[in-house]
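Since the structure comes first, as structure tokens, the remarks are kept for the end.
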Amino acid sequence: MQGLGLLSISQLDLKAYCRRGSWSGSGTLCVNSCEADSKCGSKVAFGKSNYLGQAIPVTCFRKMNRIKRNPGIPLQVTCKDYTRPDIDNSINFLEASALSASFSSAPRPNRPLEVVIAGAGLAGLSTAKYLADSGHKPILLEARDVLGGKVAAWKDEEGDWYETGLHIFFGAYPHVQNLFGELGINDRLQWKEHSMIFAMPNKPGQFSRFDFPEVLPAPLNGIWAILKNNEMLTWPEKIQFAIGILPAMAGGQAYVEAQDGLTVKEWMRKQGVPDRVTDEVFVAMSKALNFINPEELSMQCILIALNRFLQEKHGSKMAFLDGNPPERLCKPIVDHVQSLGGQIQINSRLQKIELNNDGTVKHFVLANGNIVEGDAYVSAMPVDILKLLLPEEWKEVSYFKKLEKLVGVPVINIHIWFDRKLENTYDHLLFSRSSLLSVYADMSVTCKEYYDPNRSVLELVFAPAEEWIGRSDTDILEATLKELSKLFPDEIAIDGSKAKVLKYHIVKTARSVYKTVPNCEPCRPLQRSPIKGFYLAGDYTKQKYLASMEGAVLSGKLCAQAISQDYDSLVACAGQKERVGATFV
């Protein structure tokens with residue numbers, strides 16, 4: 001949710017709920033609104049870091065029993081993590097490393113550029129980081145009081161974190177992996193066993209695994225994982241799928257991009273792959289990659305993932321961050337940027353892009369009336385927010401007009417705290433294969449900061465969410481528990497007769513990553529716009545990793561590269577005027 005501070009809290013529906021009473025037979029809860037009950041007055045504390053600490057009134061369920069913690073007892077993690085895979089010598093990692101090095105090794109500018117960046121999600125943070133590495137002075141503006149955009153998280157009144165989404169860091173994310181190394185935080189990734197684990201809808205409570213052997217190189221490890229799984233696909237289906245996928249593996253990036261005009265389902269049928277393969281595997285994969293079903297998703301998205309997973313030995317290996325993203329990932333970036341002279345401003349919502357007579361950017365106007373000037377300007381906001389803020393003079397420019405095709409997809413993230421430790425789970429990401437849920441994980445096992453030896457904390461992605469984004473939180477929770485009763489038939493029941501829900505948080509993102517439907521690729525803009533001195537960063541911009549954390553980080557590097565390449569012309573436009581820092585009027 002980069003830059004989504006432009007939306008009100010009510011629009012985002014970022015609410016913290018406290019449980020009151022038990023589930024009744026109908027699955028309803030007794031609700032007392034803070035607005036209706038003046039005695040409640042509950043607020044959500046946004047943590048204690050330098051970037052958090054604000055509080056907002058919220059609607060809440062008043063709970064009967066608080067979750068008690070003893071802050072004096074250190075957490076003891078018993079789950080098994082795996083060593084960091086050997087990815088540093090892969091071609092993609094070395095290319096990413098070389099791009100990173102080009103910033104820090106470049107000659108120092110005689111006159112550092114002051115670059116104003118709107119949006120402090122991963123794209124904006126990445127842009128700021130690599131501009132600072134180049135010797136320039138980024139001025140990063142975030143609309144909200146928390147950094148991270150789509151990886152933002154909040155701390156509730158009991159000290160528990162809840163996040164915008166369930167974030168997985170793949171071995172096939174070379175720019176993200178380089179970023180962790182550059183910041184000296186590789187140890188903050190908790191690597192899991194090299195497997196993909198799918199729930200079995202026809203066998204409630206059971207799972208099917210694709211295990212990638214460490215002794216085999218790519219693509220043999222992936223082929224072995226597919227061949228060894230006999231629960232989801234038959235041998236004829238495996239053979240038909242293998243034959244169908246061969247052109248993608250042989251054709252490279254050019255072939256992959258050429259498939260943008262077909263949905264996953266259309267491409268599979270064209271290649272003679274049975275519909276059951278799509279239903280068994282690619283429904284779950286489509287929802288995990290872009291929160292939509294294969295009837296809508298562009299096949300390009302799937303092929304990019306498959307190419308990375310099959311061509312890189314550790315490409316599909318997954319890691320969880322060891323704690324909340326604002327503090328464990330975003331803060332190290334901020335510290336790095338500030339150490340090199342960059343600025344970070346929270347609660348700085350962009351309201352207007354003011355233009356000069358020649359159509360270039362004069363300055364950014366913030367919601368509080370402040371004016372921020374720079375030598376160059378970057379929008380690292382979500383594409384939907386950018387479109388709302390585009391000056392009228394730019395809207396008919398082809399570069400910006402194409403953005404109309406790019407629309408964020410709605411998604412819902414759910415955290416549920418249970419009164420006991422659930423047994424039917426893994427220390428890993430799990431593909432639910434549910435019609436309503438995408439992926440989920442027991443964060444009390446997978447993540448050190450969230451570890452709890454006595455209670456499970458399930459984090460789930462509710463997708464597709466378009467028909468649910470406007471529904472009440474109680475409706476969403478009830479539907480989620482109904483699905484969970486199939487995944488945990490011996491442990492979770494809708495009527496609450498088994499594991500009890502202690503509390504839950506639901507985060508609705510009305511417009512998340514851009515919806516990767518067919519024919520979007522020609523509409524994705526390069527980072528350098530036709531407006532001199534104005535640039536874009538974001539996973540929707542042109543880069544080969546589409547809508548992902550890797551895409552956001554790479555877009556920021558490409559944006560910083562474009563600005564550095566334009567240094568002479570930007571300095572010439574600025575003249576000899578020196579600015580000590582951003583000008584706030």
Check: When rounded to the nearest 0.5 angstrom, what distance separates OG in S208 from CD1 in I197?
Finding: 10.0 Å

Notebook entry, point to check: Are S555 and Q543 linked by a side-chain donor-acceptor pair shorter than 3.5 Å?
Noted result: no

Next item on the list: Look up atom SG in C447 and atom CG in D427, then write down how far apart they are to the nearest 0.5 Å.
Entry: 10.5 Å

Notebook entry, point to check: Yes or no on side chain to side chain contact (heavy atoms under 4.5 Å, CB included) for V513 and V409, after CA distance, side-chain angles and deciding distance?
Noted result: CA-CA 6 Å; V513 297; V409 62; 3.9 Å; yes

Margin query: Quick check: do L329 and I185 have side-chain heavy atoms less than 4.5 Å from each other?
Written below: yes

Note to self: If we ignore hydrogens and angles and just use 3.5 Å, is the side chain of T164 paired with the main-chain N or O of A152 as donor and acceptor?
What the structure shows: yes

Next item on the list: Please answer whether the main-chain N or O of Y540 pairs with a side-chain N or O of R524 as donor and acceptor at a distance below 3.5 Å.
Entry: yes

Checklist line | Candidate pair S100 and N178, rule side-chain hydrogen bond (donor to acceptor under 3.5 Å, both in side chains), full reasoning | finding: CA-CA 8 Å; S100 293; N178 265 276; 4.7 Å; no

Notebook entry, point to check: Any idea which heavy atoms bring F534 and S529 closest together, and the distance?
Noted result: O-OG, 2.7 Å

Next item on the list: Decide yes or no for V115 and Y377: does some side-chain heavy atom of the first lie under 4.5 Å from some side-chain heavy atom of the second?
Entry: no

Item checked: Separation between CG of L147 and SG of C330, rounded to the nearest 0.5 Å -> 6.0 Å

Check: Would you call C559 and V378 a side-chain contact if the rule is heavy atoms closer than 4.5 Å?
Finding: yes

Next item on the list: Write down the atom of L122, the atom of V553, and the distance for their closest heavy-atom approach.
Entry: CB-CG2, 4.4 Å

Next item on the list: Would you confirm whether D384, through its side chain, and R511, through its main-chain N or O, come within 3.5 Å as a donor-acceptor pair?
Entry: no

Note to self: For the CD atom on E423, are there more than 12 heavy atoms of other groups (residues, nucleotides or ligands in this structure) within a distance under 6.0 Å?
What the structure shows: no

Next item on the list: Identify the heavy atoms of W191 and T83 that sit nearest to each other, and give their distance.
Entry: CB-O, 4.1 Å

Check: How are the rings of F103 and Y130 set to each other: parallel, tilted or perpendicular (split at 30° and 60°)?
Finding: tilted

Notebook entry, point to check: With no hydrogens and no angle check, is any side-chain donor or acceptor of D156 less than 3.5 Å from a backbone partner on D160?
Noted result: yes

Check: Counting distance only, does the side-chain N/O of K313 pair as donor-acceptor with the main-chain N or O of E214 below 3.5 Å?
Finding: yes

Check: Taking the six-membered ring for Trp, are the ring centroids of W161 and H415 within less than 6.0 Å of each other?
Finding: no

Checklist line | Flag, side chain of K287 to backbone of S432, donor-acceptor distance under 3.5 Å | finding: no

Margin query: Taking atom CG as the centre, does D187 end up with more than 12 heavy-atom neighbours from other residues, nucleotides or ligands that are less than 6.0 angstrom away?
Written below: yes

Next item on the list: Report the distance from atom CG of L179 to atom NZ of K129, rounding to the nearest 0.5 Å.
Entry: 6.0 Å

Check: With a 4.5 Å heavy-atom cut-off, do F488 and L458 have their side chains touching?
Finding: yes

Checklist line | Any side-chain heavy-atom pair of E521 and S298 under 4.5 Å | finding: no

Note to self: Whether R328 and E449 form a salt bridge (side-chain N of Lys/Arg under 4.0 Å from carboxylate O of Asp/Glu) is what I want to check.
What the structure shows: no

Next item on the list: Give a yes or no on whether a salt bridge exists between E95 and K557, defined as a side-chain N under 4.0 angstrom from a carboxylate O.
Entry: no

Next item on the list: Walk me through it: do L558 and K542 pass the test side chain to side chain contact (heavy atoms under 4.5 Å, CB included)?
Entry: CA-CA 9 Å; L558 295 176; K542 185 69 173 178; over 6 Å; no

Check: Does a salt bridge link K228 with D211, judged by any charged N lying under 4.0 Å from a carboxylate O?
Finding: no

Next item on the list: Kindly indicate whether the side chain of I344, heavy atoms from C-beta on, has any atom under 4.5 Å from the side chain of Q338.
Entry: yes

Notebook entry, point to check: Which pair of non-hydrogen atoms, one from A218 and one from L310, has the smallest distance, and what is that distance?
Noted result: CB-O, 3.3 Å

Next item on the list: Check whether any side-chain heavy atom of D81 sits under 4.5 Å from a side-chain heavy atom of F320, and report yes or no.
Entry: no

Notebook entry, point to check: At what distance, to the nearest 0.5 angstrom, does CD of Q177 lie from CZ of R84?
Noted result: 5.5 Å

Next item on the list: State whether the side chain of H136 and the backbone N or O of L113 hold a donor-acceptor pair below 3.5 Å, judged by distance alone.
Entry: yes

Next item on the list: Please name the residue in the list V256, D260, V264 that meets the side-chain contact (heavy atoms from CB on, under 4.5 Å) test with L303.
Entry: V256

Notebook entry, point to check: Yes or no on ring pair (Phe, Tyr, Trp, His ring centres under 6.0 Å) for F309 and F170, after CA distance, side-chain angles and deciding distance?
Noted result: CA-CA 9 Å; F309 291 169; F170 285 97; 5.2 Å; yes

Check: F431 vs F198 aromatic rings, parallel, tilted or perpendicular, using cut-offs 30° and 60°?
Finding: parallel

Margin query: Nearest 0.5 Å, please: how far is CG in L429 from OG in S195?
Written below: 11.5 Å

Note to self: On a heavy-atom basis, which atom in T541 and which in A537 lie closest, and how many Å separate them?
What the structure shows: CG2-C, 4.1 Å

Note to self: Please evaluate residues Y426 and K192 with respect to the criterion side chain to side chain contact (heavy atoms under 4.5 Å, CB included), reporting the C-alpha separation (whole Å), side-chain torsions for both, the decisive distance (0.1 Å), and the verdict.
What the structure shows: CA-CA 10 Å; Y426 288 86; K192 307 304 178 183; over 6 Å; no

Notebook entry, point to check: Would Y450 and E163 count as having a side-chain donor-acceptor pair, cut-off 3.5 Å?
Noted result: yes

Checklist line | Ionic contact status for K331 with E327, cut-off 4.0 Å | finding: no

Note to self: Do I506 and I412 make a side-chain contact, defined as non-hydrogen atoms from C-beta onward lying under 4.5 Å apart?
What the structure shows: yes

Checklist line | S512 (side chain) donor-acceptor with T509 (main chain) under 3.5 angstrom | finding: no

Next item on the list: Could you tell me whether the side chain of N221 and the main chain of P213 form a donor-acceptor pair under 3.5 Å?
Entry: no

Item checked: Pairing residues for S564 by the side chain to side chain donor-acceptor pair (under 3.5 Å) criterion, not counting sequence neighbours -> none

Check: Is there a side chain to side chain contact (heavy atoms under 4.5 Å, CB included) between E231 and Q206 once you walk through the steps?
Finding: CA-CA 11 Å; E231 297 158 321; Q206 296 186 34; over 6 Å; no

Notebook entry, point to check: Is it true that the side chains of K421 and S444 contain a donor and an acceptor less than 3.5 Å apart?
Noted result: yes

Checklist line | Salt bridge flag under 4.0 Å for residues R209 and E193 | finding: yes

Item checked: Partner residues of S316 under the side chain to side chain donor-acceptor pair (under 3.5 Å) criterion, sequence neighbours left out -> H194

Notebook entry, point to check: Can you name the nearest heavy-atom pair linking L189 to A319, along with the distance?
Noted result: CB-CB, 4.1 Å

Margin query: Has R433 got a side-chain atom pairing as donor or acceptor with A284's backbone, closer than 3.5 angstrom?
Written below: no

